[in-house]
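Heads up: the structure comes next, in structure tokens.
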Amino acid sequence: MSLNFQLLIATEESHFLLRLFKCSILTLDSIKDCIAQSFADIFCGKSNIDFFDQRHDGVLPCALQDIIETVGDQCQQQNKDCFSQTKDCNDKRDLRAVFNVLDTMLKDSLERLKTMREGISWAHIGLCGRTFEGSYTQHVAIIRALCLEGKLGASLWLRKKMIWNVVIPDVLTHNYFLNGLCKTGELKKANWLVSEMLYCGPSPNCATYNTLMKGYCLINNVDRALNVFSAMVNSGVMPNRVSCNILVHALCKKGLLEDARKLLKEILDENCDEGRSNLITSTILMDGHFKNGDTMQALAFWDEMLQRGTQMDVISYNVIIYGFCSSRDVTVSYRYLSEMFKSGLIPDVFTYNTLISALCKEGRIDGACYIYSVMSRMGVAPDHISYKMLIQGLCIQGHVIEANEFHVSMLENLIVPEPLIWNSIIDGYGRSGDIQNALSIRDQMVAFGVLPNVDTNFKT
DNA sequence: GTAGGGTTAG
């Protein structure tokens, strides 16, 4: 039997000519398979995105791809569902049934095509010389969503299109751009964006400067962060408590505690009217002193907060618990843990991991396992850090069977272990002479898609 | 609830 199929699909403004078949087809099964594959390629695959990539010669491929993906995710999922449902059609001999399947697919695909066209033409603003479509609110919403997803190329491209159409996104939207750029370490672009804001608007606000300062701190460039701070003050924007905290934290991380205190004093004396009663600033300074090995000074901050009647939170307790754990005084940490419960605060995964870490380092693996059981009873889910410390701690002490129980629990909780964890178990079995299990775990590692590395071996 | 601040391993 020879069939020539040509389907013409009409949309509101344009026609898509889809050549599905121009070949000899022998059975209805192959008709179904071919049609399903063709539709899957056209509507579920990347063919639409490739089309634009080729036409515009890579000028905006990533930007467009991101926009299309963002706009089209939902309808793509609907279409996939349609195909999965058609799999159950087994009436191979019934020509009518095959065409019913075709009808369903075509109807659904036309709907999808319509949605996709709307999405693409929306994303295509300005590219084909069209007028500026869509409302300001819509554009701003999609820009913010793209920024939060880290699709900055696409969002900056939309910003450019908006500006071409003399519509300037507001300062909040610009802060979203800036935040995205800073989080991905693109400080040059971030700096450029702030210059653009100063030059053409909207005027940067306190959050704009704070975001840029934080960006520089993230790449460990505190000097530039301090320059941004000066620029903010010089341009007449008042720093707030967040500005203080960003800089104080960055200076503490560098061990410049005295500089941090001086800066804080200057800022607070000049600008802030909140006094010194800020939990976050005190927590940062307390943490800085603990990490500098100055327990006395750290405790002075804690006591000062108590005297002021500051309501502590989970993070401030985590910092003091970590402080005593790192000075090898887990007993004192337990005291603060108990105080935490008494004051109605619920310890989180940070609290428990801090204790597990300290106990493992001291070789008190039973205590670490006990903390694990407490966190489980309290409904706090262990994360990859909890498992990593317990598994490594148990393997070091030769308890590979118990370590593997945690490993299994990790997999059951859908946490894929990193190579180091697999290697610890493999090595643990090797050291205990259990070659069969060592090899079995290595096979499992590969099956989970984790590539063995140079440390994936074992000594017997 | 449109942006921006503090804690765990290595």
Side-chain angles (χ1 to χ4, degrees), chain A residues 137 140-145 147-148 169-183 190 193 197 202 204-218 225 228-229 232 237 239-250 252-253 260 264 267 272 274 278-291 298 301 305 312-326 333 336 340 345 347-361 368 371 375 380 382-393 417-421 424:
Chain A
T137 320
V140 158
I142 198 83
I143 283 174
R144 290 175 186 180
C147 286
L148 291 172
D170 64 3
V171 64
L172 213 64
T173 310
H174 273 81
N175 289 348
Y176 274 95
F177 288 128
L178 196 64
N179 183 34
L181 291 169
C182 288
K183 289 250 169 80
L193 188 67
M197 289 170 79
N205 63 10
C206 187
T208 315
Y209 288 109
N210 287 350
T211 309
L212 190 60
M213 278 198 296
K214 179 71 184 170
Y216 279 118
C217 291
L218 283 173
V228 174
F229 180 77
M232 163 162 59
V237 176
N240 62 6
R241 177 63 76 165
V242 178
S243 329
C244 304
N245 290 342
I246 292 168
L247 292 174
V248 168
H249 185 218
C252 283
K253 265 179 89 175
L264 191 63
I267 300 173
C272 291
E274 302 168 51
N278 188 283
L279 175 65
I280 297 177
T281 319
S282 299
T283 306
I284 296 168
L285 285 162
M286 184 173 69
D287 182 50
H289 283 294
F290 269 128
K291 285 177 178 160
F301 275 98
M305 282 193 277
M312 307 298 189
D313 66 2
V314 174
I315 300 182
S316 58
Y317 268 103
N318 286 349
V319 166
I320 201 161
I321 287 171
Y322 171 79
F324 281 104
C325 280
S326 52
S333 291
Y336 283 103
M340 205 175 167
L345 294 167
D348 62 8
V349 71
F350 282 76
T351 325
Y352 293 115
N353 284 353
T354 303
L355 290 164
I356 290 173
S357 165
L359 291 163
C360 286
K361 277 181 191 154
I371 295 293
M375 76 191 285
V380 177
D383 64 4
H384 69 286
I385 297 175
S386 335
Y387 282 118
K388 185 176 174 177
M389 293 183 298
L390 287 163
I391 290 170
Q392 280 190 299
E418 57 185 286
L420 186 82
I421 293 179
S424 299

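Keep in mind the model is a prediction, meaning the values are calculated, not measured.
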Quiz prompt | Side chains of Asn210(A) and Lys214(A), donor plus acceptor under 3.5 Å | solution = no

With a non-hydrogen cut-off below 4.0 angstrom, is [X] in contact with a base, only sugar-phosphate, or nothing?
X	value
Thr208(A)	nothing
Ile246(A)	sugar-phosphate
Ile284(A)	sugar-phosphate
Lys253(A)	nothing
His384(A)	base
Lys388(A)	base

With respect to the side chain of [X], which nucleotide from [options] is positioned closest?
X	options	value
Ile385(A)	dG5(B), dT7(B), dA9(B)	dA9(B)
Lys361(A)	dT8(B), dG10(B), dG6(B)	dG10(B)
Ile280(A)	dG6(B), dG4(B), dT8(B)	dG6(B)
Asp313(A)	dG4(B), dG6(B), dT8(B)	dG6(B)
Ile315(A)	dG4(B), dA9(B), dG6(B)	dG6(B)

Output the rounded distance in Å from [atom1] ([X]) to [atom2] ([N]).
X	N	atom1	atom2	answer
Tyr209(A)	dG4(B)	OH	P	18 Å
Lys214(A)	dG5(B)	NZ	P	6 Å
Asn240(A)	dG5(B)	CG	P	11 Å
Phe177(A)	dG4(B)	CZ	C1'	17 Å
Met340(A)	dT7(B)	CE	C1'	10 Å
Glu418(A)	dG10(B)	CD	C1'	9 Å
Gln392(A)	dT8(B)	CD	P	17 Å
Phe290(A)	dG6(B)	CZ	P	19 Å

Exercise. Measure distances between side-chain N and O atoms of Thr283(A) and base N and O atoms of dG6(B), and say whether any donor-acceptor pair falls under 3.5 Å.
Key: yes

Quiz item: Is there a donor N/O on one and an acceptor N/O on the other, under 3.5 Å, for the side chain of Asn278(A) and the base of dG5(B)?
Solution: yes

Quiz item: Under the 3.5 angstrom rule, does the side chain of Ser316(A) hit a backbone N or O of Met312(A) as a donor-acceptor pair?
Solution: no

Quiz item: Between dG5(B) and His249(A), is there an OP1 or OP2 to side-chain N/O distance shorter than 4.0 Å?
Solution: no

Quiz item: Any side-chain N or O of Asn179(A) under 4.0 Å from OP1/OP2 of dG4(B)?
Solution: yes

Quiz item: Hey, mind stepping through Leu420(A) and Gln392(A) against side chain to side chain contact (heavy atoms under 4.5 Å, CB included) and telling me if it holds?
Solution: CA-CA 9 Å; Leu420(A) 186 82; Gln392(A) 280 190 299; 3.4 Å; yes

Just checking [X] against [Y], ring centres under 6.0 Å apart?
X	Y	result
Phe290(A)	Phe324(A)	yes
Tyr209(A)	Phe229(A)	no
His384(A)	Tyr387(A)	no

